[in-house]
Amino acid sequence: MEWFSPSPDRYAARLAAIERKLDLIMAHLGIEEPEPTLPPQAVQELVAGRKIAAIKAYRQATGVGLREAKDAVEAYERRGR
């Protein structure tokens, strides 16, 4: 019954193909992915120099995982906002 339950590798390959197509469509239409914004509490913590607290505030406000919250806070930090 392997044809009935595809492997995780097949799902990953299919998802990658869909993402490539979506990127092409967005580029063709001139649509740029919006920059993530931080919740006000996370910004306050970051401005105060408390990066870990900013990541925690971001997670609490958005419900995302640690890696995504860290990436968002660091991206915001790199943009110099």
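All of these numbers come straight from a predicted model, not from anything done at the bench. Side chains included, hydrogens not; waters and symmetry mates left out as well; all remaining heavy atoms used.
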Determine the minimum heavy-atom distance between Y58 and T37, stating which atoms define it.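 Shortest heavy-atom contact: CE1-O, 3.9 Å.
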Give me the atom names and distance for the closest heavy-atom approach of T62 to P39.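 Between these two residues, the closest heavy atoms are CG2-CG, 4.5 Å.
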Just grab all the salt bridge (Lys or Arg N to Asp or Glu O under 4.0 Å) pairs involving [range], residues at least two apart or on different chains.
range: residues 40-50; result: E45-R50
range: residues 17-29; result: none
range: residues 57-76; result: K51-E74, R67-D71, K70-E74

Which other residues belong to the hydrophobic cluster containing L22, where Ile, Leu, Val, Met, Phe, Trp and Tyr are joined when side-chain heavy atoms lie under 4.5 Å apart, directly or via other members?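 Result for L22 is I25, M26, L29, I31.
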Are V47 and I52 linked, directly or through other ILVMFWY residues, by side chains that come within less than 4.5 angstrom of each other?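 No, V47 does not connect to I52 through the hydrophobic network.
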